[in-house]
Undergrad: 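I'd like to ask some things about the structure below.
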Amino acid sequence: MSRRRYVARGVPGGYRIWDNRGGRWWGDHYELCPDDLLAALNKGADYAQITALLKKYRAQKR
């Protein structure tokens with residue numbers, strides 16, 4: 001089984017996405033764990049699907 005590239009890590013106040021290959025944080029700070037966004041990133045989803053999920057999670061922050 002291969003190692004996932006993107007994983008959610010708990011940080012004070014919520015979650016952030018860690019890029020294992022790049023060794024840095026990816027994206028925004030999320031209050032809820034972005035499970036479907038992580039799945040889309042790790043399976044190589046298309047740009048439109050990832051963008052839609054990002055908009056969904058940004059809207060939840062407001």
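This structure is a prediction, so every number in the text was calculated from the model and none was measured.
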Undergrad: Please check this pair: side chain of Asn20 against backbone of Arg4, looking for a donor-acceptor N/O pair closer than 3.5 Å.
TA: yes
Undergrad: With rounding to the nearest 0.5 angstrom, report the CG to CH2 distance, Leu38 to Trp18.
TA: 14.5 Å
Undergrad: Can you confirm whether Leu54 sits close enough to Leu37 that some side-chain heavy atom of one is under 4.5 Å from a side-chain heavy atom of the other?
TA: yes
Undergrad: Identify the heavy atoms of Ala45 and Ile50 that sit nearest to each other, and give their distance.
TA: O-CD1, 3.7 Å
Undergrad: Quick one: list whatever passes salt bridge (charged side-chain N to carboxylate O under 4.0 Å, His left out) with Arg5, sequence neighbours left out.
TA: Asp19
Undergrad: For Ala52, which residues count as a side-chain contact (heavy atoms from CB on, under 4.5 Å) partner, sequence neighbours excluded?
TA: none
Undergrad: Return each pair, listed once, that meets side chain to side chain donor-acceptor pair (under 3.5 Å) where at least one residue sits in residues 21-35; pairs must be two or more places apart or across chains.
TA: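 For residues 21-35: Asp28-Arg58.
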Undergrad: So which heavy atom on Ala8 is nearest to which on Tyr15, and how close?
TA: CB-CD2, 4.4 Å
Undergrad: With clusters defined by side-chain heavy atoms of hydrophobic residues (ILVMFWY) lying less than 4.5 Å apart, directly or transitively, does Leu53 cluster with Leu41?
TA: yes
